[in-house]
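Values below: every heavy atom of this structure, side chains too, minus hydrogens, waters and symmetry copies. Throughout, a chain's letter reflects where its sequence line sits, starting with A, and its residues are numbered from 1.
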Amino acid sequence: MLTTNRPVFTELGTQAIEKGLADPQLSAFYESMMSGFGLVSEKIREHMPYLSLCSDKLDGFGPPPIFYVGRRCSQRLLFGEDWAMQQGDELRTPDPELEYASAEGYRAALDGRPYYGYARTALHFKGTTVDIAYERLILTLRPSPNSTRRFCAYFGVIQDLLELPRQ
Amino acid sequence: MHTSPLFLNHNYVPEHVQPQDNRLYELKAEVDAKNLTEMWDLILRADYQVGDAQDLPRETREEFYRIVSLLVKAFSR
């Protein structure tokens, strides 16, 4: 897969969620996790199908490697079951340019600032070109109150997925 | 139980005895060694809604193992 246009990532800030401008399910996840001060509780269970989880290991220019892709997560819907179920080295977004462009959000979240933004890009995917627009929320969470371990949770919502005419 | 004279009784494994799942023990040992036990527990509780991986149905164990393999790789840098 290759991008035809440079991806556009715009940070909207979590104030947009608090003002009710974000997707309702994304907002519910944000409010649920913020009420737990970034600690994972039983509340995460209902959101797991929509999440992808990755480590806190930022290395180079890309985001951390993914280890979990929820069954109804936007990345699984976009990149497919084969991508989500692959067993190889590290699991990463199958588009290097998109991968690097997305890293800033993870960097912000790992610096302690939840990231909420909008992205738009055109992708070549399975022989067609798609124009995709999506919201994304990235939070850093801890598995338990005294844990030193951190991980990132990504909640993406595809707003628009339009197949572009072949050139 | 009647067995063939060619089949020795001490070699018989009753049908209900499941073979030990070595993959489970290997992965758990690797996870513990890398201080990822909390993440193992989190995935089990939050996604599979069980407290012990041995309680996972056989058909979902492979999926869990795949996630754990990625987990180890993702935190191994």
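Taking all atoms of both residues into account, the shortest heavy-atom contact from B/Phe75 to A/Arg149 is CD2-NH1, 3.3 Å. Of all heavy-atom pairs spanning A/Ser55 and B/Ala74, the tightest one is OG-O, 2.8 Å.
Between chain A and the residues B/Leu71, B/Val72, B/Leu42, the largest count of heavy-atom pairs under 4.5 Å involves B/Leu71.
Of residues 99-108 of chain A, not one residue has a non-hydrogen atom less than 4.5 Å from any non-hydrogen atom of chain B. Of residues 28-38 of chain B, those residues with a non-hydrogen atom less than 4.5 Å from any non-hydrogen atom of chain A are, in numerical order, B/Lys34, B/Asn35, B/Leu36, B/Glu38. For a heavy-atom cut-off of 4.5 Å, chain A lies close to B/Glu63, B/Arg66, B/Ile67 in residues 60-69 of chain B.
For A/Glu46, no part sits under 4.5 Å from any heavy atom of chain B, backbone or side chain. In this structure, chain B has a heavy atom under 4.5 Å from the backbone of A/Arg150, while its side chain stays farther away. Proximity to chain B is limited to the side chain of A/Ile44, based on heavy atoms less than 4.5 angstrom apart.
Hydrophobic cluster membership differs between A/Tyr115 and A/Phe61, with clusters built from Ile, Leu, Val, Met, Phe, Trp and Tyr side chains linked at under 4.5 angstrom. In terms of hydrophobic clustering, with Ile, Leu, Val, Met, Phe, Trp and Tyr side chains grouped at heavy-atom distances under 4.5 Å, A/Met85 and A/Leu53 are assigned to different clusters. In this structure, A/Phe9 is not a member of the same hydrophobic cluster as A/Leu21, with clusters built from ILVMFWY side-chain heavy atoms closer than 4.5 Å.
Atoms CE and CZ, on B/Met39 and A/Arg142 in that order, are 12.0 Å from each other to the nearest 0.5 Å. Here the OH atom belonging to A/Tyr68 is positioned 3.5 Å from the CG atom belonging to B/Asp47, to the nearest 0.5 angstrom.
Taking the ring axis of B/Tyr48 as reference, the NZ or CZ atom of A/Arg45 does not stay both within 45° of it and closer than 6.0 Å to the ring centre.
In this structure, A/Asp82 places its CG atom where only 12 or fewer heavy-atom neighbours from other residues, nucleotides or ligands lie under 6.0 Å away.
Under the ring-ring contact (aromatic ring centres under 6.0 Å, His included) criterion, A/Phe29 pairs with A/His47, A/Phe155, sequence neighbours left out.
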